[in-house]
Visitor: 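First the structure, which I've put down as structure tokens, then a few questions once you've had a look.
The model shown is predicted, which means the values in this text are computed figures rather than measured ones. Proteins get letters first, then strands, A, B, ... in listed order; numbering begins at 1 in each.
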Amino acid sequence: MSLSVRQGEIVGVVGESGSGKTSLARCVAGYRTATSGTVEIDGRVMTARRGPLDRRRVQMVFQDPYASLNPRMTVRQTLREPVVVHGLRAAGRVGERVEELVDLVGLDRRYLDSRPRQLSGGQRQRASIARALALEPEVLVADEPVSALDVSVQAMVLNLLADLRDRLGMSILFISHDIAVVSHLCDRVVVMSQGRVVETGAVDDVFLRPEHPYTRQLLGAVPPHPWSGHPPASPGTSRPDPSQ
Amino acid sequence: MNPLLEVDGLSVAAPGRRGTTYPVRDVSLTVEGRGTVGVVGESGCGKSTLLRAIAGVLPRGLRAVEGTVRVDGREVDTRRPSGEVAMIFQDPMTGLNPVMTVGEHVAEVPRRRDGLGRRAAHDLAVHLLQEVGIEDAEHRVDAYPHELSGGLRQRVLIAAALSGSPRLLLCDEPTTALDVTVQARFVALLGRLVEDRGLGVLYVTHDLPLLGTMCDRIDVMYAGQVVERGSTREVLQHPAHPYTEALLAAAPRMDSRRARLVSIPGRPPVLLADTAGCRFAPRCPHAVDACDAAGPLGPGTSGHESACVRRDELEARSERGVAWR
């Protein structure tokens with residue numbers, strides 16, 4: 001299979017379990033090697049064993065932030081480590097960078113010394129996105145980053161990913177089995193089935209005018225959003241938010 | 001006639017170091033036979049604890065301290081499972097024992113409780129697997145869980161739940177781990193079982209669009225209490241509580257792309273003592289001083305109940321289809 005992600009674009013990959021979405025994500029991120037074919041970032045072919053510079057260029061965000069963050073490290077330690085190991089800041093300026101990172105993902109600085117179990121699901125996923133951003137990657141690979149989250153928290157993380165695209169020009173490969181989420185967030189979509197791409201194109205084209213029967217079948221299974229009402233006023237306007 | 005399930009004033013207490021908390025506080029609800037009721041809310045709102053109390057499988061340390069649970073008019077003991085109530089859980093991977101075959105799972109209750117013989121248990125298992133739409137049931141009955149896909153495992157769990165001939169089926173987010181197509185088939189199967197067996201279903205999820213496709217009525221739960229209740233149509237089209245509205249606005253929709261989703265700031269409170277007033281008020285964009293004295297669920301139009309002090313304004317707004325502040 002072949003696909004491309006442009007700068008500042010979110011490309012969604014949808015398909016059922018076993019369709020090869022996660023294998024694709026892991027090949028792009030360099031966690032496993034493809035049997036044949038290549039991954040290129042900005043025209044440069046990624047070799048099977050990536051050097052530190054190449055590893056930095058693609059970072060991954062996982063489904064379950066509880067499993068992918070070290071439970072014994074505070075947020076500060078988790079974010080310091082990649083910055084120090086890759087020598088991205090002079091020793092005296094690492095702390096400053098860590099604060100920049102939590103600001104970037106909208107995590108309050110007072111959680112810097114918290115461990116994952118002291119954070120809510122949404123805060124944990126923000127911390128793991130901040131860790132991915134610590135290496136200043138060009139591409140983020142997000143494998144089902146919101147499917148373990150409550151709908152209210154999911155909304156927060158989706159807004160954050162959209163912001164990263166719009167403000168930093170981040171390129172994101174977004175793997176999900178949730179069609180409504182992909183339709184909401186992504187610019188283009190790749191529909192996978194049994195390890196192959198069956199349809200690809202702009203989200204509006206593919207989801208409004210699906211051509212492949214498999215895409216139609218997927219779309220037909222999505223429960224319609226039942227509410228035609230107006231979105232409410234932005235929350236938190238009349239009283240201070242207790243969590244922030 | 002009695003409703004199939006009648007929960008009246010149920011409270012579940014969890015004693016802790018910092019005092020007793022109440023994951024479920026004064027909840028009343030009913031489910032009719034041949035009916036499906038959805039319970040929706042975020043994690044930590046007490047949905048799963050409510051189901052576990054009804055099923056008589058509360059985790060150690062939690063107990064029902066007030067209220068009653070009646071099935072078919074008879075009170076059931078919340079400290080032990082009853083044969084009339086079956087429950088299926090979220091994760092089909094952990095709900096099955098890896099060293100038991102599908103048939104052993106499905107027929108375990110009839111074998112142990114009713115003393116069914118090996119041969120009869122095998123036949124019953126095949127029959128139940130066929131009823132939940134598993135093809136090739138004669139062979140699948142001898143398979144082990146690791147040989148099955150997630151969707152098939154979930155069907156095996158339903159077959160096992162049906163083996164005790166329950167009247168009421170409790171579902172705790174059973175499709176969260178499944179693909180949309182598998183989820184759609186699962187929902188269709190539930191609908192068929194409700195019709196064929198006259199089952200009552202109480203279905204817990206945080207997915208409001210999903211409930212819209214399968215439930216007759218919806219109860220919205222927040223911080224251990226029911227804050228809104230009504231027919232699926234009423235609740236989803238004319239939400240009369242800001243929490244319901246917020247849940248709807250947070251769900252991405254296919255027909256309006258790129259709009260910012262509305263997230264709900266903060267998280268559900270931990271329920272220490274009896275807090276007076278509306279528990280959602282600290283997170284609510286429409287909170288006013290009167291919220292501190294808000295009462296329990298009250299009636300609105302057409303049997304649609306809400307605990308919000310401004311429910312009339314909310315409903316009026318959604319009728320007119322205009323933004324409300």
Side-chain angles (χ1 to χ4, degrees), chain A residues 14-19 120-123 146-159 162-163 177-187 203-204 207-208 214 217-244, chain B residues 42-43 149-150 176-185 187 206-214 232-233 236-239 242 245-267 269 281-288 317-318 321-325:
Chain A
V14 298
E16 295 181 46
S17 326
S19 61
S120 68
Q123 289 165 341
V146 296
S147 53
L149 305 176
D150 253 326
V151 64
S152 55
V153 178
Q154 167 180 299
M156 239 181 289
V157 173
L158 293 178
N159 286 340
D163 282 346
H177 70 275
D178 190 327
I179 312 283
V181 164
V182 168
S183 154
H184 175 82
L185 179 71
C186 299
D187 305 291
V203 164
D204 287 333
F207 285 167
L208 293 179
Y214 179 73
Q217 191 195 336
L218 271 184
L219 289 169
V222 180
H225 197 292
W227 191 41
S228 51
H230 291 258
S234 153
T237 46
S238 53
R239 288 194 184 186
D241 170 10
S243 75
Q244 299 295 314
Chain B
E42 289 163 280
S43 316
S149 67
T176 314
L178 303 179
D179 291 319
V180 277
T181 45
V182 182
Q183 171 175 288
R185 285 198 292 271
V187 167
H206 63 260
D207 187 344
L208 267 174
L210 175 65
L211 286 187
T213 65
M214 59 180 292
T232 299
R233 198 187 142 74
L236 297 183
Q237 309 252 327
H238 307 293
E245 208 182 50
L247 287 177
L248 282 165
R253 47 195 309 155
M254 306 276 297
D255 53 359
S256 75
R257 300 212 319 106
R258 286 281 191 126
R260 269 187 100 68
L261 296 170
V262 183
S263 60
I264 314 174
R267 53 209 279 201
R283 302 171 74 189
C284 180
H286 309 310
V288 291
R317 169 180 80 140
S318 63
V322 292
W324 174 83
R325 280 175 191 272

Visitor: Using non-hydrogen atoms and a 4.5 Å limit, figure out which bit of A:L208 sits close to chain B: side chain, backbone, both or neither.
Guide: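 Looking at A:L208, nothing touches chain B.
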Visitor: Taking every non-hydrogen pair under 4.5 Å, which of B:L248, B:T213, B:V180 racks up the most with chain A?
Guide: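 Of B:L248, B:T213, B:V180, B:L248 has the most heavy-atom pairs under 4.5 Å with chain A.
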Visitor: Can you find a pair of side-chain heavy atoms, one from B:Q183 and one from A:P223, that are under 4.5 Å apart?
Guide: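 In short, these two side chains touch, coming nearer than 4.5 Å.
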Visitor: Checking heavy atoms, do the side chain of B:S43, its backbone, both or neither come under 4.5 Å from chain A?
Guide: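 Both parts, backbone and side chain.
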Visitor: Please examine the side chains of A:Q154 and A:L158, heavy atoms only from C-beta on, and report whether any two atoms are closer than 4.5 Å.
Guide: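 SC-SC contact between A:L158 and A:Q154 confirmed.
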Visitor: For chain B, which of A:L218, A:V222, A:D163 has the most heavy-atom pairs under 4.5 Å?
Guide: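 Option with the greatest count: A:D163.
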Visitor: Testing A:V157, A:D178, A:V153, A:L185 for side chain to side chain contact (heavy atoms under 4.5 Å, CB included) with A:V146, which one passes?
Guide: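 Per the side chain to side chain contact (heavy atoms under 4.5 Å, CB included) rule, the option paired with A:V146 is A:V157, out of A:V157, A:D178, A:V153, A:L185.
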Visitor: How would you list, by chain and number, every residue that makes a salt bridge (Lys or Arg N to Asp or Glu O under 4.0 Å) with A:E16, sequence neighbours excluded?
Guide: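 Expected list: none.
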